[in-house]
Amino acid sequence: MHIPTITRSLAILLLLAGCATTSTTPPARQTPADPVALSAALNRISWGVNTSTYQQAQKIGYSAWLERQLHPGAAVLPAAAQAQIDAMTISQKPLPQLVQELEQQRRDYDKAMVDDDAKKAAQRAYQQEMSRLAKEAATRSLLRDLYSPNQLQEQMTWFWMNHFNVHQGKSNLRVLVGDYEEQAIRPHALGKFRDLLAATLHHPAMIRYLDNEQNAANRINENYAREIMELHTLGVDGGYTQNDVQQLARILTGVGVNLGDKTPDVRRDKQSQYVRQGLFEFNPNRHDYGDKVFLGQTVKGRGLAEVDEALDRLSRSPATAHYVSRKLAIYFVADEPPPQLVERMAARFLSSDGDIAAVLRTMFDAPEFTQSLGKKFKDPVHYVVSAVRLTYDDKIILNAGPMLNWLNRMAEPLYGRQTPDGYPLTASGWDSPGQMITRFEIAKAIGNGNAGLFKTEGTQPLEKVAFPQLANALYYQSLQTSLAPATRQALEQAASPQEWNTLLLSSPELMHR
């Protein structure tokens with residue numbers, strides 16, 4: 001590398017380090033009409049503004065575009081992206097079949113193989129297949145983030161996956177996590193919170209991750225009950241007690257997972273209460289049928305119906321309305337969201353019976369939201385997805401591997417958070433100097449067109465696109481105006497189009513949304 005290039009690179013890194021938590025983007029108007037304001041609003045509500053999204057919103061108007069985002073129809077992805085998804089194993093086989101095939105494979109090598117080396121090889125193959133399925137799920141998620149017209153739905157899918165976090169590294173969750181996202185989260189991402197909460201509770205990924213399959217009468221496991229209240233609904237200051245945790249754990253006894261094809265031998269007087277839906281199982285033999293006192297009210301012991309009563313109470317609590325609304329405001333508005341905005345969102349949550357789209361509408365229409373545009377620091381997923389969307393627009397990537405690797409390097413891999421609290425949503429989790437250096441390296445890889453996104457895997461990779469042209473109409477119509485003088489000066493000094501791309505993608509303004 002030539003010395004002048006090194007000097008320019010270091011200068012930009014210093015610029016990033018100095019401006020990582022600020023943005024010079026001017027506040028947009030409350031009704032985004034001019035190009036800069038429209039671009040800023042789209043950049044927040046979508047996974048990142050690009051030419052296609054900008055042109056669509058310009059054509060139909062921001063209000064109509066936002067309405068489509070809040071109440072989307074079926075997402076039709078570009079054919080080349082959908083073809084990649086359709087070819088995946090997780091698209092072709094239902095979850096019970098996938099799990100049973102893998103479990104049978106595991107049992108077979110446990111029984112049949114006596115040679116240690118052969119057994120290790122078989123175990124390795126089993127682990128590799130689970131990892132491959134998890135990579136499929138992550139790739140599918142990124143393809144939708146990049147190309148789905150329902151951008152808000154995809155953002156909310158990520159938000160709720162993080163809110164109702166499960167870690168793929170536990171047990172066989174690598175097999176389960178794609179279905180968890182597809183069946184429990186995405187369909188309810190803009191619907192009623194009560195339905196979303198119930199869907200996560202009934203999915204084997206959540207049950208297994210938080211150990212509720214080990215929760216039985218006279219052998220209580222409180223893990224899931226505690227996290228439902230602390231992280232999923234009421235919040236740590238939501239007014240519940242340790243006794244409420246214990247009572248909810250008793251209510252949840254018998255909620256578990258059945259990975260096989262055999263039904264347990266349920267005692268005759270409770271057989272009508274046995275429930276099996278896919279891999280979800282409610283086993284009356286394991287349930288505590290005593291009465292409980294939960295959040296100050298008696299819950300009569302009667303089986304799975306107790307769970308519905310508890311979910312009703314949790315999802316309709318004012319504490320839940322406030323906790324969830326504040327978390328949404330942290331994600332979409334500010335690391336310390338305005339309390340008045342949170343209160344209005346919480347009131348809408350309660351009056352709409354937890355209608356997520358209605359709460360989001362209250363937030364998006366608020367002046368506090370408009371004033372915050374361009375000031376929210378991007379976490380790694382937002383940075384990576386927005387950079388690829390801006391750079392390549394509707395050119396369909398052939399290989400999501402580089403994006404997955406970048407997220408690993410920046411410590412935010414999809415489905416990779418070990419603890420149930422999910423990844424941080426504030427700048428302090430992601431704006432370290434090390435993160436900024438990594439982002440610069442990613443910007444350089446994308447800006448030079450050698451990131452590998454268009455190289456198919458195999459012995460003879462094929463690059464199908466040259467380095468990108470970011471100095472395009474979208475840049476001159478809207479993005480340029482939002483740049484600080486220092487950023488514009490750096491761009492003017494770029495020695496090549498590739499370096500110009502790198503400087504734009506690594507600028508402080510591109511670190512914010």
Side-chain angles (χ1 to χ4, degrees), residues 88-113 119-120 122-138 140 161 164-187 198-217 219-221 223-225 227-228 249 252-267 270-271 273-287 303-304 307 415-416 418 420:
M88 294 176 179
T89 304
I90 58 173
S91 299
Q92 297 175 357
K93 293 183 179 181
L95 181 63
Q97 181 183 346
L98 269 178
V99 169
Q100 287 171 14
E101 287 178 358
L102 277 167
E103 288 301 303
Q104 190 60 50
Q105 175 185 332
R106 183 182 60 79
R107 285 192 295 267
D108 288 346
Y109 71 64
D110 279 345
K111 291 178 183 177
M113 296 182 182
K119 182 171 282 191
K120 287 179 182 177
Q123 290 171 339
R124 189 161 54 248
Y126 171 73
Q127 293 293 331
Q128 288 173 345
E129 178 62 7
M130 288 202 296
S131 295
R132 187 186 71 81
L133 295 171
K135 184 179 179 182
E136 281 192 348
R140 179 176 64 184
M161 282 291 289
F164 295 101
N165 182 56
V166 300
H167 178 234
Q168 67 174 5
K170 184 170 183 176
S171 185
N172 68 338
L173 259 70
R174 280 169 288 172
V175 186
L176 305 176
V177 71
D179 187 85
Y180 178 64
E181 182 174 60
E182 185 75 354
Q183 301 299 330
I185 302 293
R186 178 171 284 102
T200 60
L201 183 144
H202 285 84
H203 200 279
M206 179 60 76
I207 296 169
R208 177 153 281 194
Y209 174 60
L210 289 177
D211 304 317
N212 206 75
E213 60 188 329
Q214 301 171 25
N215 184 24
R219 196 170 70 251
I220 298 296
N221 186 303
N223 286 2
Y224 187 27
E227 305 305 357
I228 283 180
L252 291 171
T253 51
V255 170
V257 176
N258 187 336
L259 301 182
D261 53 9
K262 295 180 180 178
T263 300
D265 186 15
V266 179
R267 60 182 186 265
K270 293 290 190 290
Q271 285 179 356
Q273 295 202 17
Y274 176 79
V275 175
R276 176 78 186 270
Q277 296 169 344
L279 302 179
F280 171 85
E281 179 180 75
F282 176 74
N283 186 344
N285 291 347
R286 299 170 57 82
H287 183 66
L304 190 57
V307 176
Y415 327 126
Q418 294 188 9

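Quantities reported herein were computed from a predicted structural model and do not represent experimental measurements. Numbers here simply count residues along the sequence, with the first being 1.
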Scan side-chain atoms only and decide if [X] and [Y] contain a donor-acceptor pair under the 3.5 Å cut-off.
X      : Y      : value
Asn223 : Asp211 : yes
Glu101 : Gln97  : yes
Gln127 : Arg174 : yes

Student check: side-chain heavy atoms of [X] and [Y] closer than 4.5 Å:
X      : Y      : result
Gln418 : Lys170 : no
Asn212 : Asn221 : no
Val175 : Met130 : yes
Ile228 : Leu201 : yes
Tyr209 : Gln168 : no
Glu103 : Asn172 : yes
Gln273 : Val266 : no
Asn215 : Val255 : no

(request) Would you list the pairs meeting side-chain hydrogen bond (donor to acceptor under 3.5 Å, both in side chains) in which at least one residue belongs to residues 255-266, sequence neighbours left out? (result)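 Every pair satisfying side-chain hydrogen bond (donor to acceptor under 3.5 Å, both in side chains) with a residue in residues 255-266: Asn258-Glu281.
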(message) Holding to side chain to side chain contact (heavy atoms under 4.5 Å, CB included), I want the full list of residues that pass it with Ser91, two or more places apart in sequence or in another chain.
(response)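 Checked Ser91 against side chain to side chain contact (heavy atoms under 4.5 Å, CB included); matches are Ile85, Met88, Arg140.
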(message) Would you compute the distance between atom CG of Leu173 and atom CG of Leu133 and round it to the nearest 0.5 angstrom?
(response)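 Here the interatomic distance stands at 12.5 Å.
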